[in-house]
Amino acid sequence: MLTGLKCPGCGSQRAIHQLLHFDIVEAFKFNALLVISLPIVGALFYAECTRKRNPQLYTRLHNLKFIWGYFILVVCWWIGRNLF
């Protein structure tokens, strides 16, 4: 590590490995943001796949408020994991 700080994605590979072994608690210890983000990614994928059939869901999830909200969540996670 160049700066000694953890990035928001540090521990993601180990967390994915633990999730593949169905160990959610250990995955959460390695990178909680990744575990929390999986349902969000699933919802975004579903909205993309059903874009033509359900355009309201697509527009709710693909708007600037949602994107900025998630960006702020990632920045808060980044700051919080380096403070504590």
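- A continuous path of ILVMFWY side-chain contacts below 4.5 Å connects L44 to L57, so both sit in one hydrophobic cluster.
- Every residue meeting the side-chain contact (heavy atoms from CB on, under 4.5 Å) condition with V25, not counting sequence neighbours, appears here in chain and number order: D23, K29.
- In E48, the CD atom is crowded: over 12 heavy atoms of neighbouring residues, nucleotides or ligands sit closer than 6.0 Å.
- By the side-chain contact (heavy atoms from CB on, under 4.5 Å) test, I36 is found to be paired with F28, residues two or more places apart in sequence or in another chain being considered.
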Original post:
Given F66 and I40, is the side chain to side chain contact (heavy atoms under 4.5 Å, CB included) satisfied, shown in steps?
Top reply: CA-CA 11 Å; F66 185 80; I40 297 169; 3.7 Å; yes

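- Note: the hydrophobic cluster containing F84 also contains I79 (ILVMFWY, side chain heavy atoms under 4.5 Å, direct or indirect links).
- Applying the side-chain hydrogen bond (donor to acceptor under 3.5 Å, both in side chains) test to pairs two or more places apart or on separate chains, those with a residue in residues 54-74 are S37-Y70, R51-Y58.
- Residues satisfying the side-chain contact (heavy atoms from CB on, under 4.5 Å) test with I16, not counting sequence neighbours, are L20, L34.
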Original post:
Can you list the steps and then say if I67 with F71 is a side chain to side chain contact (heavy atoms under 4.5 Å, CB included)?
Top reply: CA-CA 6 Å; I67 294 168; F71 176 73; 5.6 Å; no

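- Every pair tested for salt bridge (Lys or Arg N to Asp or Glu O under 4.0 Å) that includes a residue from residues 36-45 fails, sequence neighbours excluded, so the list is empty.
- Across all non-hydrogen atoms, the minimal contact from A43 to L61 is O-CD1, 3.6 Å.
- The local environment of CG in L38 is crowded, with over 12 non-hydrogen atoms from other residues, nucleotides or ligands closer than 6.0 Å.
- Within the structure, side-chain hydrogen bond (donor to acceptor under 3.5 Å, both in side chains) contacts touching residues 75-84 (residues at least two apart or in different chains) do not occur.
- Shown here for C10 and N31, the closest heavy-atom pair between the two residues is O-ND2, 3.2 Å.
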